[in-house]
Number of protein chains: 2
Amino acid sequence: MVTKQVNGAYDDADLRRADSLAREIFSDVANKWALLIIEAVGERTLRFTELRNAVEGISHKMLTQNLRMLERNGLLVRTVYPTVPPRVEYSLTEPGQALRKTVDVMCDWTQRHLGHIEAARHRFDA
Amino acid sequence: MVTKQVNGAYDDADLRRADSLAREIFSDVANKWALLIIEAVGERTLRFTELRNAVEGISHKMLTQNLRMLERNGLLVRTVYPTVPPRVEYSLTEPGQALRKTVDVMCDWTQRHLGHIEAARHRFDA
DNA sequence: CAGAATCCTCTTTGATACTG
DNA sequence: CAGTATCAAAGAGGATTCTG
């Protein structure tokens with residue numbers, strides 16, 4: 001936690017810690033699978049298998065790993081129902097929802113620039 | 001290019017192509033280094049070495065690779081001045097600028113949720 | 001069903017050296 | 001200065017097996 005000094009300034013060491021924490025979070029979150037999972041969950045509550053089907057091309061292992069990471073960072077919550085067979089549900093927290101909004105914008109951006117990018121690629125590859 | 005049929009519907013094959021193109025672009029762009037580079041360039045025009053210093057921790061090789069990829073996708077332009085020694089400048093295109101805006105939002109998000117995330121981590125690790 | 005653990009493969013990455 | 005090439009190390013990722 002970055003704490004303010006009585007004089008109103010931040011402690012240098014705290015600022016550096018906050019900075020490296022920010023970079024760490026950014027590295028966690030700015031990756032394909034994490035963002036696709038967040039996008040897939042959306043406002044719903046999905047089970048592991050549903051998620052596996054929703055995120056095209058993700059493997060069992062990658063899904064588990066990324067779900068743990070997102071849970072650890074408090075972006076989603078994991079609810080286990082102690083039934084047989086087990087039932088586990090995932091849903092976004094408020095910060096997760098907030099991040100999803102920016103992912104939505106990124107998806108929009110992709111769609112809007114599909115043509116431009118395809119053209120640029122052809123030019124470059126020539 | 002996705003073309004509309006005379007009946008107003010899209011060709012299935014074209015839709016599939018557009019979809020896989022979108023996934024490809026998303027995979028290119030949704031990675032740590034690409035986003036950090038886009039953020040670093042901003043509205044400025046930077047030389048290779050300036051960029052290397054601006055993006056904390058990136059290696060020579062990763063910078064080159066990602067710059068090529070971003071150029072290929074038309075997100076930035078590379079201008080070579082035929083001097084000795086060579087001078088190469090990078091700046092964002094309009095689509096690159098548009099993407100940068102969403103990266104900005106993502107950075108804001110990170111800053112705003114630093115505390116929540118750090119707390120969540122401590123809870124999880126316990 | 002969800003997931004942990006293992007093994008194995010392929011890609012990514014960094015360090016280093018070389019070129020125009 | 002900017003970029004390419006190469007090699008070794010590290011890490012990501014897939015397939016499979018086992019458990020509660």
Side-chain angles (χ1 to χ4, degrees), chain A residues 20 23-38 40-41 44-73 75-92 124-126, chain B residues 20 23-38 40-41 44-73 75-92 124-126:
Chain A
S20 85
R23 263 185 257 116
E24 214 179 300
I25 294 169
F26 194 86
S27 298
D28 271 2
V29 154
N31 95 57
K32 180 181 153 186
W33 291 133
L35 295 184
L36 286 176
I37 289 171
I38 288 172
V41 178
R44 296 171 294 173
T45 292
L46 292 182
R47 300 183 58 172
F48 186 88
T49 308
E50 294 172 325
L51 220 39
R52 180 123 159 63
N53 295 329
V55 181
E56 171 101 24
I58 197 167
S59 70
H60 188 112
K61 187 180 179 179
M62 283 303 97
L63 182 54
T64 315
Q65 271 185 18
N66 279 277
L67 284 174
R68 286 298 159 280
M69 181 272 284
L70 293 172
E71 186 193 358
R72 180 170 119 89
N73 286 320
L75 303 199
L76 52 75
V77 286
R78 176 169 172 272
T79 314
V80 183
Y81 298 92
T83 58
V84 179
R87 173 189 186 83
V88 181
E89 291 186 345
Y90 295 91
S91 58
L92 295 179
F124 186 92
D125 293 343
Chain B
S20 86
R23 268 198 298 276
E24 215 179 300
I25 295 169
F26 193 87
S27 297
D28 272 1
V29 154
N31 93 56
K32 182 182 152 186
W33 291 132
L35 295 183
L36 287 176
I37 289 172
I38 288 173
V41 178
R44 296 172 294 173
T45 292
L46 292 182
R47 300 183 57 173
F48 186 87
T49 308
E50 294 172 325
L51 219 38
R52 180 123 160 61
N53 295 328
V55 181
E56 170 101 24
I58 197 168
S59 71
H60 189 113
K61 187 179 179 180
M62 282 303 97
L63 183 54
T64 316
Q65 272 185 17
N66 279 277
L67 284 174
R68 287 297 161 279
M69 180 272 285
L70 293 172
E71 187 193 358
R72 180 170 119 89
N73 287 319
L75 302 198
L76 52 75
V77 286
R78 175 168 172 272
T79 313
V80 183
Y81 298 92
T83 59
V84 178
R87 174 188 186 82
V88 181
E89 290 185 347
Y90 295 91
S91 59
L92 294 181
F124 186 92
D125 294 343

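Just so we're on the same page: letters track the sequence lines, and every chain starts at 1.
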Counting N and O atoms only, with roles assigned by atom type, does the side chain of B:Asn31 sit under 3.5 Å from a partner on the main chain of B:Ser27, one being a donor and the other an acceptor? no
Selection from D:dC1, C:dG3, C:dC1 that lies nearest to any side-chain heavy atom of A:Tyr90: C:dG3
Between A:Gly57 and A:Pro85, which residue's closest nucleotide on DNA chain D lies nearer the 5′ terminus? A:Gly57
A:Lys61 side chain, from C-beta outward: closest of C:dC7, D:dC1, D:dG3: C:dC7
Does D:dA2 have OP1 or OP2 under 4.0 Å away from a side-chain N or O of B:Arg47? yes
B:Thr49 side chain: which of C:dT13, D:dC1, D:dG3 is closest? D:dC1
Take atom NZ of A:Lys32 and atom C1' of C:dT12, then tell me their distance rounded to the nearest Å. 14 Å
Over all atoms of both residues, closest heavy-atom pair of B:Ile38 and B:Leu92: O-CD1, 3.8 Å
Assess, by modelled atom type and distance only, whether the side chains of B:Asn73 and B:Asp28 contain a donor and an acceptor separated by less than 3.5 Å. yes
Rounding to a whole Å, what distance do you find between B:Arg68:CZ and D:dA2:P? 11 Å
How many whole angstroms separate atom CE of A:Met69 from atom P of D:dA12? 11 Å
Taking only side-chain N and O atoms of B:Arg52, does any of them lie within less than 4.0 angstrom of OP1 or OP2 on D:dA2? no
Can you tell me the distance, in whole Å, between the CG atom of A:Asp28 and the P atom of D:dA12? 11 Å
Mapping A:Arg78 and B:Met62 to their closest nucleotides on DNA chain C, which lands nearer the 5' end? A:Arg78
hbond_proxy A:His60 side chain to D:dG14 base (donor-acceptor, 3.5 Å cutoff): no
Does this structure show an ion pair linking B:Glu50 with B:Arg52, if we count only N-O contacts that are shorter than 4.0 Å? no
Do A:Val88 and A:Thr79 have side-chain heavy atoms sitting under 4.5 Å apart? no
Roughly, in whole Å, what's the span from CD in B:Gln65 to C1' in D:dA5? 12 Å
Using the closest heavy atom to pick a nucleotide of DNA chain C for each, name whichever of A:Thr64 or A:Pro86 lands nearer the 5' end. A:Pro86
Taking atom P of D:dA15 as reference, at what distance in whole Å does atom CG of A:Leu63 sit? 14 Å
May I have the distance from B:Asn66 (atom CG) to D:dT4 (atom C1'), rounded to whole angstrom? 16 Å
In this structure, how many angstroms lie between the C1' atom of C:dC1 and the CG atom of A:Leu67, rounded? 14 Å
